[in-house]
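Below is one structure, written out as structure tokens; comments come after it.
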Amino acid sequence: MLEKLNEQQKKAVQITKGPLLIIAGAGSGKTKVLTTKIAYLLAEELALPQEILAITFTNKAAKEMQMRIRGMVGKKANEMQISTFHSFGVRIIRENYTRLSYSRNFTIFDASDSLTLVKKILKEKNLDPKMHNPKNIKNRISSCKNNLVTAETFKKYINSYHDEIFQSVFAKYEEKLKKSNAVDFDDLLLKPIELFQKYPAVLAEYQKLFRYILIDEYQDTNEAQYVLVKKLVNKEQNICVVGDESQSIYGFRGSNYRNILNFEKDFPKCQQVVLEKNYRSTQNILDVANQVIKYNARKKEKKLWTDKEAGAEVVVNVLLDEHQEAEYVAQTINDLKNQGADLNEIAILYRTNAQSRVFEETILRKGLPYRIVGNVHFYHRKEIKDLLAYLKLIYNVNDDVSLLRIINEPSRKIGPKSLADLEQRAQASNEVLFAALTTEKELTFKNLITELRQLSNEVSLTELVEETLQRSGMREELEKENSAKAEVRLENLEEFKSITKDFEEKYGIISLEDFLAEISLVTDVVEYEEDIPQITLMTIHAAKGLEFKYVFVVGMEEDLLPHANSQGDLEELEEERRLCYVALTRACEQLYITYTKNRQLFGRRTLSIPSRFIDEMNLMTCEEVTVNNTNSDDNIDEDIEFTVGEKVVSDKYGQGIIVEVSNDILTIAFAKDVKKFIKGHKSIKKVKEE
């Protein structure tokens, strides 16, 4: 088990008593250390599987950890709590719902549900959403909860009229959540803390159960996560945290890198192991990253090194403007492709989403396949949100947000006035909306949900989805629409049944309760066609935890990286430097850095100043690059015109319909997907009408 570990990794695994801080530099094998440590605890009979709590930040990371551990210890891995913080929170709430004054069939509101509820409250209070932005209020509620500030305790922070309004909306939001027998995503952390504060005996039981606690990515913990972990640690203090303060880049979400820097103060008897050997990048790449991060004052001392070769030199490429920059990157990628490089191993990283447009257009012109990570994913598509709202209401009829979403979806001629009347009746009788459904049209909907609730106890999950699609009229409405977009939406609804079947095959008979709980936690889904090699375009924030052979870090300019918002603020500037460090350490073999002399962004063209981080890299080479004009591409026929509704055929995707023409980009709906192409690209041809 220990043979394949280096000396520092081995040391981290073999410390099994008391608090342990593992500072794991980028690419230093921290997941390997964590999984081996868990297997070692079992092999040495220091803990039973159920006595181990392992927490990480994404569902993907948790599943990978569980899979690795299962490969080492077999079925024992299934008895452990290996999950995200939020999944762990669901478990605690489920096991103690009566103490928290919930019914067993509580539902979990995602961000969209929470926003809908805030909008509803603003409407009830006759507050102008232009003056009181619903999204800002929702985000502020989330921030309060993550900092353990309730609607009641917020009263002492009121300093203005806007604060008063916010507090009243926050209080009503909490009241309506409770009445709906629902929790929001932030409650999955807050409610367990409230439980442990109110019931010390319950906390003692969990402390007794979880004798060993292991936390991954500790630098990303927020206040609620930090407090939850500290409460769970028992007198033995067998807590191991792993992280790297130099990769703490989520301050805007409330994460606090000080949690890892202060670990030794929280646990004075703690031991520390630093993992500096890097298994990902060449030494030239690591030297650049080390040079940049050393300018941050608040950090743990470490220096990444590797026994791999020095590798290609890191060069800064200077371009005239953003179009030249995109053309240079696209041409270089094309050269790499012609030399045999796998496009899946190539990434373009930028600071802001707004930078992606020019790269997308240029890559489309070249006919190169790509994916943009961060687009709306499957579970956020309208038709899927509608279907999930049906399932949530079938499970929990107190869920007013879900009811309002689907009572007229598809149309049942229950318009805004009817809904306003319904809400007034519900408020007058102090009932949830479902109980207040009394008109003929409303009762038709109520009977539908009641029938489906009964059915949910008799059929499989997949059969329930099928019956919901059929009986609700969702499928029929899309079939009647008979458009390309409707066809894609129907395909997505059918695909949803593939998801439920996968759940049933994986877990056997699965309840609607378990399914909804699992789906509510899927917040890190990244979609793309796995079987097609594609260039990846993403923000640096989205790239954390990933690696690619070839990485282009573009737009390395003042006001971009570091971002304009960080100017004059040392704390934020250090986070921008950490963001730069993360970008650089994504590269395995070749790192390309670009900046432009001038750039148009957000509608304004300005002269660019090279990022201070370039000076900090202490590089020997900075090359000015000139590239060919983008409009000379032989693959483009600029004379051809397209209109919305025209039928076209693609060499790759078959026949489709143009659903949008914007600037130089066509959006085309094919049988199974919607794709973008540069206008006039020769792989797209018009279908001749017979």
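Remember, predicted model here, so these are calculated numbers, not experimental data.
- Side-chain contact between Met556 and Val316 is absent, with no heavy-atom pair separated by less than 4.5 Å.
- Salt bridge status for Arg489 with Glu494: absent, with no side-chain N to carboxylate O gap under 4.0 Å.
- Note that CG of Leu117 and CZ of Phe109 are 6.0 Å apart. Values are rounded to the nearest 0.5 Å.
- For the pair Asn317/Ile593, no side-chain contact is recorded, criterion being any heavy-atom separation below 4.5 Å from C-beta on.
- Looking at heavy atoms from C-beta onward, Leu546 lies in side-chain contact with Phe548 at the 4.5 angstrom threshold.
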Report the C-alpha separation of Leu561 and Cys580 in whole Å, then their side-chain angles, then the decisive distance to 0.1 Å, and conclude whether the side chain to side chain contact (heavy atoms under 4.5 Å, CB included) test is met.
CA-CA 7 Å; Leu561 186 64; Cys580 178; 4.3 Å; yes
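- A distance-only check finds a donor-acceptor pair linking the side chain of Asn408 to the backbone of Lys413 [under 3.5 Å].
- Between Glu361 and Arg365, none of the side-chain N atoms (NZ, or NE/NH1/NH2) sits under 4.0 Å from a carboxylate O, so this pair counts as no salt bridge.
- Ser142 and Asn139 form no side-chain donor-acceptor contact under 3.5 Å, judged by distance and modelled atom types alone.
- In this pair, Phe552 and Tyr592 present their aromatic rings parallel. The plane angle is below 30°, not in the 30 to 60° band.
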Dump the intermediate steps for side chain to side chain contact (heavy atoms under 4.5 Å, CB included) on Ile285 and Val551, then the final yes or no.
CA-CA 11 Å; Ile285 293 169; Val551 170; over 6 Å; no
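- More than 12 heavy atoms of other residues, nucleotides or ligands lie within 6.0 Å of NZ in Lys497, so this atom counts as buried by the packing criterion.
- Sparse packing is recorded around NZ of Lys135, with 12 or fewer heavy atoms of other residues, nucleotides or ligands lying under 6.0 Å away.
- Counting only distance, with no hydrogens or angles, the side chain of Arg453 and the backbone of Ile394 share a donor-acceptor pair below 3.5 Å.
- Judged by distance alone, the side chains of Gln247 and Tyr581 never bring a donor and an acceptor atom under 3.5 Å apart.
- Between Lys544 and Asp220 a salt bridge is recorded (basic side-chain N to carboxylate O distance below 4.0 Å).
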Could you give me the CA-CA distance, side-chain angles and deciding distance for Arg471 and Leu455, then say whether side chain to side chain contact (heavy atoms under 4.5 Å, CB included) is met?
CA-CA 12 Å; Arg471 297 190 192 195; Leu455 199 63; 3.7 Å; yes
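- Remark: the backbone N or O of Ala389 is not paired with any side-chain donor or acceptor of Arg405 at under 3.5 angstrom.
- More than 12 heavy atoms of other shown residues, nucleotides or ligands fall within 6.0 angstrom of atom NZ in Lys686.
- Looking at Leu419 and Leu404, their side chains come closer than 4.5 Å, going by heavy atoms from C-beta outward.
- Annotation: the span from Asp386 atom CG to Leu469 atom CG amounts to 11.0 Å, rounded to 0.5 Å.
- In terms of modelled atom types and a separation under 3.5 Å, the side chain of His541 and the main chain of Ile249 share a donor-acceptor contact.
- Interatomic distance, Leu493 CG to Leu478 CG, rounded to the nearest 0.5 Å: 6.5 Å.
- Inter-residue side-chain proximity for Ile658 and Thr643 is flagged as unmet; no heavy-atom pair is nearer than 4.5 Å.
- Ring orientation note: the planes of Phe359 and Tyr350 are close to parallel, at an angle under 30° on the 30°/60° scale.
- Applying the salt bridge (charged side-chain N to carboxylate O under 4.0 Å, His left out) test to every pair with at least one member in residues 339-352, sequence neighbours left out, gives these pairs: Arg351-Glu576.
- Salt bridge present: Glu624 and Lys597 bring a charged side-chain N and a carboxylate O closer than 4.0 Å.
- Residues Val329 and Thr332 fail the side-chain proximity criterion, which asks for heavy atoms closer than 4.5 Å.
- A salt bridge links Glu476 with Lys480: at least one charged nitrogen is closer than 4.0 Å to a carboxylate oxygen.
- Counting only distance, with no hydrogens or angles, the side chain of Tyr390 and the backbone of Lys385 share no donor-acceptor pair below 3.5 Å.
- The residues Lys501 and Glu463 are annotated as not salt-bridged, no charged nitrogen and carboxylate oxygen being separated by less than 4.0 angstrom.
- Judged by distance alone, with hydrogens and angles left aside, the side-chain atoms of Gln355 form a donor-acceptor pair with the main-chain N or O of Thr352 at under 3.5 Å.
- Screening residues 545-559 for salt bridge (charged side-chain N to carboxylate O under 4.0 Å, His left out), with sequence neighbours left out, gives Arg280-Glu547, Glu557-Arg599, Glu558-Arg612.
- By the 4.0 Å N-to-carboxylate-O rule, Lys366 lies close enough to Glu327 to be salt-bridged with it.
- Between the side chain of Ser281 and the main chain of Ala587, a donor-acceptor pair closer than 3.5 Å is present.
- In this structure, Ile348 CD1 and Thr539 OG1 are separated by 13.0 Å, a value rounded to the nearest 0.5 Å.
- Of the possible polar contacts, none joining the Asn598 side chain to the Asp321 backbone as a donor-acceptor pair under 3.5 Å is found.
- With salt bridges taken as basic N to acidic carboxylate O contacts below 4.0 Å, one links Arg68 and Glu64.
- With hydrogens and angles disregarded, a donor-acceptor distance shorter than 3.5 Å links the side chain of Thr116 to the backbone of Ser112.
- Contact check for Val373 versus Leu537: no side-chain heavy atoms found under the 4.5 Å cut-off.
- Taking the side chain as every heavy atom from C-beta outward, Arg412 and Leu448 approach each other to under 4.5 Å.
- A donor-acceptor contact closer than 3.5 angstrom links the side chains of Glu325 and Thr594.
- For the pair Asp399 (side chain) and Asn396 (backbone), a donor-acceptor distance under 3.5 Å is absent.
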For Phe445 and Leu403, what are the C-alpha separation, side-chain angles and deciding distance, and is it a side chain to side chain contact (heavy atoms under 4.5 Å, CB included)?
CA-CA 10 Å; Phe445 175 73; Leu403 184 145; 4.1 Å; yes
